[in-house]
Amino acid sequence: MHQIKAYIKAIGGYVPETILSNTDLENIVNTTADWIVERTGIEERRIETNPDLATSDLASFAIRDLLLTYKIDPASIDCLLLATSTPDYGLAPASSLVCKKSNLLNAWGIDLNGACSGFLQALTLGESLIISQRYQNVLVVGADKMSSIVNYNNRNTSILFGDGAGAVLLSATTLDKGIIDFLNTTDGTGTEHLLIPAGGSKNKITKELIDNEQQFIHQIGKVVFKNAIESMSKITKELMQRNKLQKESIDWVVPHQANLRIIKALSNELEIPLDQFKINIQKYGNTTAATIPLCLWDYKTDFKTGSNIILTAFGAGFNCSSMYIKW
């Protein structure tokens, strides 16, 4: 008997047409285009300006791209795992809306909120569903409309985030490829440094909280920056060690796109050249759960059969994930 693995069979993506450039932000908050590039590596980000479109729509557009590009029948999809921190509603899963909008008539849909690590957490669960042989075709989607929770009067967060969605299709294989191993960790003690204070069951929305702008994302950048580098470096080194992966055998690293300085520091810590890191933060900013699948989408023609690829992310709740894939 050959061991069953889950592999990425198809990739899709979507970013809105509207570009919010650093120059545009100069007219909104007290900043400069050069300062943003120096501190983050971001040159522009995409923003969904149509008020009628929500996260479920972005996810559906990415799925449509995948299904059309690879000529896949939506009826063949039996599970949808949607990673998002910005569901359309507080109640009613966004995945249910995506199933309807994408005509996934035979799919079970579920939301996962792992913030920036959400897509890798969803991939982890998707892999388990595939190797259980109970599911044949699992769509894993990372989608976020971050503009809906960003305060554009706040220089610290408004420069970072963008909107977008990426999707991959997991299927089964007995060949020597696919998801080989993964590690996921959580350190909830860091939650206070990156969160939306109001709108959940702890602090319901009130006029006072809105007046204090507590409905928007809040971040203590220095703390998140330091922990992101330390956590992704540690977990990735552990993953490589237990799979006997030498740094010379890694072909590509696809990191979460939060800050170019974090990516450069991760490159130094892992001693893997920066030109082996897939980077598109300059175009899209931080799209939270969508950053890694959008990177896979942007660079899919660069991944060759047999390539050793590391995916890694860190985000709110101080969740950290790292995954080893053989393409």
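By convention here, the first residue in the shown sequence is residue 1.
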Practice task
Please test Ile205 against Gln214 for side chain to side chain contact (heavy atoms under 4.5 Å, CB included), starting from the C-alpha separation and ending with a verdict.
Solution key: CA-CA 9 Å; Ile205 292 291; Gln214 299 298 291; over 6 Å; no
Problem - Working for side chain to side chain donor-acceptor pair (under 3.5 Å), residues Asp187 and Thr189 - result: CA-CA 5 Å; Asp187 179 5; Thr189 59; 2.5 Å; yes
Practice task
Start with the C-alpha gap between Asp163 and Arg46, add the side-chain angles, then the distance that decides, and say whether side chain to side chain contact (heavy atoms under 4.5 Å, CB included) holds.
Solution key: CA-CA 6 Å; Asp163 302 336; Arg46 301 299 183 93; 5.6 Å; no
Handout entry: Check against side chain to side chain contact (heavy atoms under 4.5 Å, CB included), Ser171 and Gln136
Key = CA-CA 6 Å; Ser171 294; Gln136 306 302 312; over 6 Å; no
Exercise for the section: Check the pair Asn106, Asp78 against side chain to side chain donor-acceptor pair (under 3.5 Å), reporting the backbone distance first and the verdict last. Expected result: CA-CA 5 Å; Asn106 299 313; Asp78 44 20; over 6 Å; no
Problem - Verdict with supporting geometry, Glu238 and Lys234, salt bridge (Lys or Arg N to Asp or Glu O under 4.0 Å) - result: CA-CA 6 Å; Glu238 183 179 346; Lys234 180 180 178 181; over 6 Å; no
Exercise for the section: Start with the C-alpha gap between Leu67 and Arg64, add the side-chain angles, then the distance that decides, and say whether side chain to side chain contact (heavy atoms under 4.5 Å, CB included) holds. Expected result: CA-CA 5 Å; Leu67 297 176; Arg64 181 176 64 185; 5.9 Å; no
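Residues satisfying the salt bridge (charged side-chain N to carboxylate O under 4.0 Å, His left out) criterion with Lys101, sequence neighbours excluded, are Asp57. For Glu269, the salt bridge (charged side-chain N to carboxylate O under 4.0 Å, His left out) partners at least two apart in sequence or on another chain are Lys237. Partners of Ala94 according to the side-chain contact (heavy atoms from CB on, under 4.5 Å) rule, which considers only residues two or more places apart in sequence or in another chain, are Leu82, Pro87, Asp88, Asp111. By the salt bridge (charged side-chain N to carboxylate O under 4.0 Å, His left out) test, Glu248 is found to be paired with no residue, residues two or more places apart in sequence or in another chain being considered.
In terms of heavy atoms, Leu294 sits closest to Ala165 at CD2-O, 3.2 Å. Smallest separation of non-hydrogen atoms from Asp251 and Gly306: OD2-O, 4.3 Å. Closest heavy-atom contact between Ala289 and Ala143: CB-N, 4.1 Å. Of all the heavy atoms in Ala107 and Cys79, the pair that sits closest is CB-N, 3.9 Å. Scanning both residues, Tyr7 and Ala172, for their nearest heavy atoms gives CE2-O, 3.5 Å. Taking both residues in full, the closest heavy atoms of Trp35 and Ile159 are given as CZ3-CD1, 3.6 Å, listed atom of the first, atom of the second, then distance.
Of the N and O atoms on the side chains of Ser148 and Thr86, not one donor lies less than 3.5 Å from an acceptor on the other residue. Counted by atom type alone, Asn151 and Ser158 present zero donor-acceptor pairs between their side chains at under 3.5 Å. With no hydrogens or angles considered, a side-chain donor-acceptor pair links Asp24 and Ser21 at under 3.5 Å.
The shortest side-chain heavy-atom distance between Met240 and Ile250 falls under the 4.5 Å cut-off. Side-chain contact check for Asn154 versus Val29: every heavy-atom pair is 4.5 Å or farther apart. Inter-residue side-chain proximity for Met323 and Leu123 is flagged as met; some heavy-atom pair is nearer than 4.5 Å. Ile309 places a side-chain heavy atom less than 4.5 Å from the side chain of Val254. In this structure, the side chains of Val98 and Ile63 come closer than 4.5 Å at one or more pairs of heavy atoms. In this structure, Pro255 and Leu266 have side chains that are in contact, with non-hydrogen atoms separated by less than 4.5 Å. Under the 4.5 Å side-chain criterion, counting only non-hydrogen atoms from C-beta, Gln282 is not in contact with Ile42. Here the side chains of Asn227 and Phe318 are in contact, with some heavy-atom distance below 4.5 Å.
Rounded to the nearest 0.5 angstrom, Leu170 CG and Glu127 CD are separated by 8.5 Å. One finds the CZ atom of Phe119 at 6.0 Å from the CG atom of Leu296 (value rounded to the nearest 0.5 Å). Between Thr312 atom OG1 and Ile263 atom CD1 the span is 11.0 Å, to the nearest 0.5 Å. Atoms CG and OH, on Leu169 and Tyr70 in that order, are 9.5 Å from each other to the nearest 0.5 Å. Once rounded to the nearest 0.5 Å, the distance linking CG of Leu80 with CG of Asn137 reads 12.5 Å. Annotation: the span from Leu139 atom CG to Ile77 atom CD1 amounts to 4.0 Å, rounded to 0.5 Å.
Counting only distance, with no hydrogens or angles, the side chain of Thr69 and the backbone of Leu66 share no donor-acceptor pair below 3.5 Å. One N or O on the side chain of His218 and one on the backbone of Glu213 form a donor-acceptor pair closer than 3.5 Å. Formation of a donor-acceptor pair under 3.5 Å by the Thr236 side chain with backbone atoms of Ser233 is not found in this model. When atom types are taken as modelled, the side chain of Asp144 and the backbone of Met146 share no donor-acceptor pair closer than 3.5 angstrom. Between the Ser249 side chain and the Leu245 main chain, no donor and acceptor come within less than 3.5 Å of each other. In this structure a side-chain-to-backbone donor-acceptor pair under 3.5 Å is missing from Ser96 to Ala92. For Thr31 (side chain) and Glu26 (main-chain N/O), no donor-acceptor pair under 3.5 Å exists by modelled atom type.
Ile179 and Leu183 sit in two unconnected hydrophobic clusters of ILVMFWY residues. Membership requires side-chain heavy atoms under 4.5 Å apart, directly or through other members. Residues Leu160 and Ile229 are members of one and the same hydrophobic cluster, defined by side-chain heavy-atom contacts under 4.5 angstrom among Ile, Leu, Val, Met, Phe, Trp and Tyr. Val37 and Leu25 are members of different hydrophobic clusters when ILVMFWY side chains are connected at heavy-atom separations under 4.5 Å. If you chain together hydrophobic residues whose side chains sit under 4.5 Å apart, Leu125 and Ile4 never meet in one group.
For residues 36-45, the side-chain hydrogen bond (donor to acceptor under 3.5 Å, both in side chains) pairs, not counting sequence neighbours, are Asn22-Arg45. Sorted by first then second residue, the side-chain hydrogen bond (donor to acceptor under 3.5 Å, both in side chains) pairs that include residues 288-308, not counting sequence neighbours, are Asp65-Trp297, His256-Thr291, Lys278-Asp302, Asn280-Asp298, Lys283-Asp298, Tyr284-Asp298, Asn308-Tyr324, Asn308-Lys326.
For Tyr89, the OH atom is loosely surrounded, since the number of other residues' heavy atoms within 6.0 Å does not exceed 12.
Under the 30°/60° scheme for interplanar angles, the aromatic rings of Trp108 and Tyr135 are found to be tilted.
Exactly one residue among Leu81, Val140, Asn113, Asn319 makes a side chain to side chain contact (heavy atoms under 4.5 Å, CB included) with Gln121. That residue is Asn319.
The existence of a salt bridge linking Lys145 and Glu48 is excluded, since no basic side-chain nitrogen approaches an acidic carboxylate oxygen closer than 4.0 Å.
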